[in-house]
Amino acid sequence: MTHPAQPKASHFINGAYVEDIAGTPIPVIYAATGEQIAKVHAATPAIVEQALATAKAAQKEWASTTGTERGRILRRAADMIRERNHELSVLETYDTGKPLQETLVADATSGADALEYFGGLAGSLTGEHIPMGEDWVYTVREALGLCVGIGAWNYPTQIACWKGAPALACGNSMVFKPSETTPLCALKVAEILHEAGLPAGLYNVIQGMGEVGGALVTDPRVDKVSLTGSVPTGKKVYAAAAANMKHVTMELGGKSPLIIFDDADIENAVGGAINGNFYSSGQVCSNGTRVFVQKGIKEKFLKRLAERTQNAILGDPMDEATSFGPMVSENQMNIVLGYIEKGKEEGARLISGGERAYMDGYFIQPTIFADVTDDMTIAREEIFGPVMAVLDFDTEEEVIERANDTEFGLSAGVFTKDLSRGHRVIGKLEAGSCFINSYNDAPVEAPFGGVKASGVGRENSKEAINYYSQVKSVYVRMGDVEAAF
Ligand code: NDP
C-alpha cells in the first residue's frame with residue numbers, strides 16, 4: 001500500500017502535479033525509522049525548462065494585478081494551511097523527523113504567518129512622490145520577475161512559504177527547489193496556493209540535488225535567487241548568480257554566541273540555551289551553539305542545564321509527548337557524531353549525552369560539552385546537530401571580542417538582568433538576528449538574516465519587500481528642457 005506521505009507526483013508545475021520518471025530517483029527516508037516512505041524523481045532538463053518557461057510566462061500578468069488581489073489569495077492560502085495544520089504537521093514530521101510536538105506549532109503555522117503577513121502588505125506596496133520645485137520625481141515599486149527559491153532540509157514548509165509569500169506579494173513568480181532530503185512539504189504549499197486561487201505557473205516546485213539548483217541559478221531568465229543553506233553552498237550560488245547580476249538573498253549558517261552574565265536568571269538562561277541548541281534536534285541555523293557563561297555562575301548553570309536536559313523525551317516523533325527527534329538523515333547523524341568525537345578528543349568535558357541513542361532511526365542524545373575553548377573544532381564549525389559548547393568568560397570586553405571572532409554572523413543572544421548592559425553588548429555583537437533574555441524567536445514581523453559569511457539580505461518583515469522588488473524612479477519635468485546646444 002502506498003504510504004500517505006507519497007506525493008501524487010514529483011513536481012508541481014503550471015498549477016498541476018507533473019512526473020518524469022526519467023529523473024534520478026530520490027528515496028524519501030523517515031528519519032525516525034530509517035524506512036523509505038516515498039520516492040520522487042529529480043527534475044530532468046525538460047522539467048527544469050517547463051518550470052522556468054511557465055513561471056516566466058505567468059509573471060507579467062500577475063504583476064499587473066492589484067496588490068490587494070494578490071494579497072487576498074495569499075491570505076486565503078494562510079487560512080487553508082491553518083485549517084489543515086494537523087495533516088501538514090504530520091507530513092513535516094515524515095519529511096524531517098522533527099517531533100509532532102514541534103511541527104504542530106512551528107512549521108505550517110509559521111508558513112501561514114508569512115502568507116498572511118505578506119498578503120496583508122501586498123496592497124500597500126507603493127512608491128514615493130518627491131517634489132523638485134515645479135518638477136517632481138515619483139518612484140514605482142516593481143516586481144523583480146522570476147525568482148528561484150532553494151531550500152535547506154530543516155524547515156521545508158516554512159522555507160517554501162518564507163520565500164514564496166514575499167515573492168508573490170510583490171508580483172513575482174517562483175520556481176522552488178526543496179532540499180533532496182525533504183522534498184515533500186513544498187509540494188503541499190504549491191497545491192494549497194493554487195487551491196486558494198493562485199493562477200497557474202506562479203509557484204512551481206521541482207525536485208533535485210545541487211545540479212538542478214545550479215541549472216536554475218544560472219538560467220538567464222531568472223532575476224533573483226533566494227537560498228537557505230550552508231555557507232559553502234551560499235558562496236557558490238552567490239557567485240553563480242553574480243555572473244548574470246541577479247538579485248540574491250542568502251540565508252546561511254552560523255555559530256552564534258549566547259552570552260550569559262552572572263546576574264542572569266538561571267532558569268531563563270538555561271531555557272534559552274536549550275531552545276538555542278536542542279530545538280529541532282539542533283538543526284537550526286540561528287542556534288546559539290557557543291554558550292559563554294560568566295565564571296561566577298558556571299557550575300550552577302551547568303548543573304541545572306544537565307538536570308533539565310535529562311527531561312528531553314526521545315522517541316516516536318508522532319507521539320505528541322516526544323520532545324526530541326532524530327537527525328534528518330543518516331548522513332547528518334554521522335557528521336554530528338564525528339563532531340562529538342572531535343570534542344572528546346580535543347579535551348572538552350562531556351557533561352551530558354555524547355552518544356547515538358540506540359533506537360530505530362537517526363537519534364543522537366542531546367549533548368553538552370563544558371570547558372570548551374575558542375580554538376576547539378566544536379567551537380569553530382557549524383555542527384547542525386544537538387551539540388552545545390559551553391565556554392567560560394570573565395569580563396564583558398573579553399566576551400564581546402571572543403563572540404565576534406568567527407566568520408559567521410547570523411544570531412547572538414545575551415542573558416542579563418542589567419538591561420543597559422544587555423543593549424550595550426548586543427550593540428557590539430556582529431550578528432543580524434539578536435535576542436535579549438530570550439533565544440530563537442522568529443516572528444514574521446521581525447527581519448531575519450545574517451551578517452558576515454552568514455548571509456546577504458533579510459527574510460520576513462517589511463525588509464523582505466526590498467529583496468523581492470526594485471524601485472523605478474521617474475523624473476517629470478513640467479517646464480522646457482535646457483540644453484547646452
Ligand atoms: P546545503 O547548503 O547543503 O543545501 C542547501 C540547498 O542548496 C539544497 O537544496 C541543496 O540541494 C542546494 N544546492 C547545493 N549545491 C547547490 C549548487 N551548487 N547550486 C544550487 N543549489 C545547490 O544546506 P543543507 O540542506 O545541508 O542545510 C543546512 C544548512 O542550511 C546549514 O548550514 C544551516 O545553517 C543552513 N540554514 C540556514 C538558515 C538561515 O535562514 N540562515 C535556515 C536553515 C538552514 P541538495 O541538498 O538537494 O543537494
Side-chain angles (χ1 to χ4, degrees), residues 10 23-24 26-28 40-43 48 95-96 98 106-107 110 114 148-163 175-183 185-186 205-219 222 225-241 243 246 248-256 279-289 327-329 331-333 335-336 381-385 407-411 431-433 440 442 446-460 464 467:
S10 300
T24 311
I26 301 175
V28 185
V40 295
H41 291 269
V48 173
D95 221 2
T96 60
K98 292 185 294 181
D107 293 282
S110 161
V148 159
I150 300 179
W153 40 254
N154 54 349
Y155 283 84
T157 307
Q158 184 188 81
I159 295 172
C161 293
W162 280 20
K163 296 189 189 310
V175 176
F176 185 83
K177 188 201 83 70
S179 164
E180 71 176 281
T181 312
T182 53
C185 295
V205 174
I206 64 172
Q207 308 296 345
M209 290 69 131
E211 63 183 32
V212 171
L216 294 174
V217 170
T218 49
D219 192 281
V222 171
V225 179
S226 176
L227 171 84
T228 297
S230 62
V231 171
T233 303
K235 286 180 179 168
K236 273 193 250 164
V237 170
Y238 195 3
K246 296 184 202 308
V248 295
T249 300
M250 294 284 142
E251 294 293 353
L252 309 177
K255 189 76 195 174
S256 301
Y279 202 71
S280 300
S281 301
Q283 303 166 114
V284 180
C285 51
S286 50
N287 272 356
T289 47
M327 297 289 94
V328 75
S329 64
N331 184 40
Q332 188 62 17
M333 177 185 73
I335 291 172
V336 175
E381 296 182 16
E382 185 185 43
I383 298 173
F384 227 59
E407 65 162 328
F408 300 107
L410 185 52
S411 289
S433 302
N440 260 352
F448 182 80
V451 302
K452 295 160 68 180
S454 291
V456 174
R458 293 292 176 269
E459 294 199 299
N460 287 343
Y467 294 93

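No hydrogens, no waters, no symmetry mates; every other heavy atom, side chains included, goes into these values. Just so you know, residue 1 is the first one in the sequence shown, and it goes up from there. First listed ligand is number 1; within each ligand, the first listed atom is number 1.
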Taking Val40's backbone N and O only, do any of them form a donor-acceptor pair with Gln207's side chain (distance below 3.5 Å, no angle check)? no

Tell me: protein heavy atom nearest atom 48 (O) of ligand 1, and distance? Gly210 N, 3.0 Å

Closest protein heavy atom to atom 40 (O) of ligand 1, given as residue, atom name and distance to 0.1 Å: Glu251 CB, 3.1 Å

Short N/O distance, under 3.5 Å, between Ser454 and ligand 1? no

Judged by atom type as modelled, is there a donor-acceptor pair below 3.5 Å linking the side chain of Thr228 to the main-chain atoms of Gly151? no

Does Glu459 offer a backbone N or O that forms a donor-acceptor pair with the side chain of Lys163 under 3.5 Å? no

Hits for side-chain contact (heavy atoms from CB on, under 4.5 Å) against Ser286, two or more places apart or cross-chain, chain-then-number order -> Val284, Leu410, Ser411, Asn440, Phe448

Tell me which protein heavy atom sits closest to atom 27 (O) of ligand 1, plus the residue, atom name and distance to 0.1 Å. Ala152 CB, 3.3 Å

Sub-4.5 Å side-chain heavy-atom contact between Phe176 and Ile159: yes

Under 4.0 Å from one or more heavy atoms of Leu227, ligand 1 contributes atoms 6 (C), 7 (O)

If you measure every N or O of Gly151 against every N or O of ligand 1, does any of those distances drop under 3.5 Å? yes

Before signing off on this row, confirm whether Leu252 and ligand 1 have an N or O atom pair separated by under 3.5 Å. yes

Checking the side chain of Glu180 only, and the main-chain atoms of Met209 only, is there a donor and an acceptor separated by less than 3.5 Å? no

Treating Gln283 as the side-chain partner and Phe384 as the backbone partner, does any N or O pair qualify as donor plus acceptor under 3.5 Å? no

Winner among Thr233, Thr228, Thr181 once heavy atoms are compared against atom 15 (N) of ligand 1: Thr233

Between CG on residue Asn287 and OG on residue Ser280, distance to nearest 0.5 Å: 8.0 Å

Under 4.0 Å to a heavy atom of Leu410 - the qualifying atoms of ligand 1, by number: 41 (N)

Hey, does Gly254 come in under 3.5 Å of ligand 1, counting only N/O atoms on both sides? no

Please list, in number order, the atoms of ligand 1 under 4.0 Å from a heavy atom of Gly208. 47 (O)

Considering non-hydrogen atoms of the protein only, which is the closest contact for atom 10 (C) of ligand 1, and what is the distance? Lys177 NZ, 4.0 Å

Tell me, please: is Tyr155 in heavy-atom contact with ligand 1, that is, under 4.0 Å? no

Given 3.5 Å as the limit, does a donor-acceptor pair link the side chain of Lys246 with the main chain of Val222, or not? yes

Using a 4.0 Å heavy-atom cut-off, which part of Glu211 comes near ligand 1: side chain, backbone, both, or neither? neither

Within the supplied structure, the quantity of interest is the number of heavy atoms (other residues, nucleotides, ligands) at a distance under 6.0 Å from Glu407 CD; does it exceed 12? yes

Is ligand 1 less than 4.0 angstrom away from at least one heavy atom of Gly450? no

Mind checking whether Phe384 contacts ligand 1 via backbone (N, CA, C, O), side chain (CB onward), both or neither, at a 4.0 Å heavy-atom cut-off? side chain

Could you check atom 35 (C) of ligand 1 against the protein and tell me its nearest heavy-atom contact, residue, atom and distance included? Gly229 O, 2.9 Å

What residue and heavy atom of the protein are closest to atom 37 (C) of ligand 1, and at what distance? Cys285 CB, 3.1 Å

Heavy-atom pairs closer than 4.0 Å: do any link ligand 1 to the side chain of Ile150, the backbone, both, or neither? side chain

Got an N/O contact under 3.5 Å between Glu180 and ligand 1? yes

Nearest non-hydrogen protein atom, atom 34 (O) of ligand 1: Glu382 OE2, 2.5 Å

Give yes or no for whether the N/O distance cutoff of 3.5 Å, strictly under, is met between Trp153 and ligand 1. yes

Any idea which protein heavy atom is nearest atom 46 (O) of ligand 1, and the distance to it? Ser179 OG, 3.8 Å

Examine distances only and state if a side-chain atom of Lys255 and a backbone atom of Phe408 form a donor-acceptor pair shorter than 3.5 Å. no

State whether a side-chain donor-acceptor pair under 3.5 Å links Ser110 with Trp162. yes

Taking only heavy atoms of Asn154 into account, list the atoms of ligand 1 that are under 4.0 Å away from them. 43 (C), 44 (C)

Is a side-chain donor or acceptor of Ser179 paired with a backbone partner of Thr181 at a separation under 3.5 angstrom? yes

Side chain Ser454, main chain Gly409, donor-acceptor under 3.5 Å: yes

